[in-house]
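Atoms within a ligand are numbered from 1 in the order they appear, just like the ligands themselves.
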Amino acid sequence: MKGFWAEKRVTVTGGAGFLGQHLVNRLKSLGAEVYVPRQREYNLTTLDACLKCLLEHPCDILFHAAAYYGGIGINVTEPAKLYYSNLVMGANLMEAARLVNLKKFVAIGTACSYPGYLEGHLKEEDLWAGPCHASVVNYGLTKKMMAVQAQAYKRQYGLDSIHLILTNLYGPGDSYNPDRSHVVAALVRKWVEAEMAKTPSVEVWGTGKPVREFIYVEDCADAIILAAEKYNDSAVPLNIGTGIGTTIRELAETVNEVSGYQGKMVWNTDKPDGAMLKVLDVTRMKKELDGWVPPTDLKAGLAKTVAWYRANKAEADTKW
Ligand code: GDP
């Protein structure tokens, strides 16, 4: 029996990026014909390039996984670039999608779009319940605008789309550049380098008290592909995560454990904590994806990530 993805024409923006490369590999293994637009050919921040891309490479389903993004550091140093590039890319790509009558637009959103000051796990209906956390507003709001655009485009043009809200990703192929990286990649690099240099201590940012949720990137790619197949509500976003909160201190202790290097942690409280709690409620995800839950637990995922980073350090350190 032919599966859903066999011979489907699929375009993945950001297909050479961290999440995108895992999406592409998985889609290909399921039999899809995958096209990845590269920035030098199509600068997706312009409407002309978005239209040209979709006309020259017609597809059934478009995954918009391209983003200019990073951890709490880049939100401080490059707020304008984060804002402009993500806002116009999302807006123009969806406009192009409706002009070519695309069948389905899969928007990759972010947990940074949620209000940054709520108690408890974040449910889809909370998305509109308050302001984003100040530390990530420039990125979070641009992705949130895609959810607004999706509702408007469904109502006026009948464009089918889904908006997936991803929690923090980690794993092979991430950005390991300390100016840009998220906490997992940053800590993996710090621990591996401390071991190599035999440094007795490792610096960790903030107080260690913020709670985050971490999903292994390959699990996340699987969830996105499953959602693209099974989820069809253009009006209501869908959370993708584990639903499990971990403090930054617990995360650092686990990296310490799986790396085998017992570094002493030094907490630099001059660095920002960001939101104190960012964990998704995944009740709807489980229901909509027929009971699917991410199979890789944090310890196993971190062990794979440390092993990958050790084996690919030279390349990983120079990539984005
Ligand atoms: P966020 O989820 O948007 O806040 O982004 P990050 O993944 O960059 O940061 C998550 C938390 O990890 C914040 O509380 C940071 O202060 C903390 N953290 C601890 N050490 C580091 C580090 O070396 N790099 C980064 N990016 N965050 C760190």
Minimum-distance protein heavy atom relative to atom 8 (O) of ligand 1: I72 N, 2.8 Å
Shortest protein contact, atom 13 (C) of ligand 1 (heavy atom only): D273 O, 3.3 Å
Taking atom 20 (N) of ligand 1 as the reference point, the nearest protein heavy atom with its distance: W205 N, 2.9 Å
Atoms in ligand 1 with a heavy atom of G71 nearer than 4.0 Å: 8 (O)
Over-ring placement of R180 relative to Y69, 6.0 Å and 45° cut-offs: yes
For P210, atoms of ligand 1 separated by under 4.0 Å from a heavy atom: 14 (O)
Close approach, K278 and ligand 1, non-hydrogen under 4.0 angstrom: yes
Element-labelled atoms of ligand 1 that are located less than 4.0 Å from some non-hydrogen atom of V136: 3 (O)
Check ion pair E218-R26 (N to O, under 4.0 angstrom): no
Geometric N/O contact C112 with ligand 1, under 3.5 angstrom: no
Per-residue contact class, P272 against ligand 1 - non-hydrogen pairs under 4.0 Å: backbone
Donor-acceptor contact below 3.5 Å, side chain K304 vs main chain K299: no
N or O contact, V183 vs ligand 1, cut-off under 3.5 Å: yes
K278 to Y114, cation-pi by 6.0 Å centre distance and 45° axis angle: no
Test item: side-chain donor near acceptor, D48 and Y42, under 3.5 Å: no
For ligand 1, the portion of N75 having any non-hydrogen atom under 4.0 Å away: neither
Heavy-atom nearest neighbour in the protein, as seen from atom 2 (O) of ligand 1, with distance rounded to 0.1 Å: R212 NE, 2.7 Å
Short side-chain to backbone donor-acceptor contact, H182 and G70, under 3.5 Å: yes
Short N-O contact, K198 and E193, less than 4.0 angstrom: no
Close approach of S181 to ligand 1, heavy atoms, under 4.0 angstrom: yes
Electrostatic pair K104-D60, nearest N-O below 4.0 angstrom: no
Rounded distance [0.5 Å steps], NE2 in H163 versus CG in N239: 9.5 Å
Close approach of K190 to ligand 1, heavy atoms, under 4.0 angstrom: yes
Row check, Y176 ring normal vs R189 NZ/CZ: under 6.0 Å, within 45°: no
Residue part near ligand 1, for I248, under 4.0 Å between non-hydrogen atoms: side chain
Per-atom contacts of ligand 1 with A186, taking only distances under 4.0 Å to non-hydrogen atoms: 22 (C), 23 (O), 24 (N)
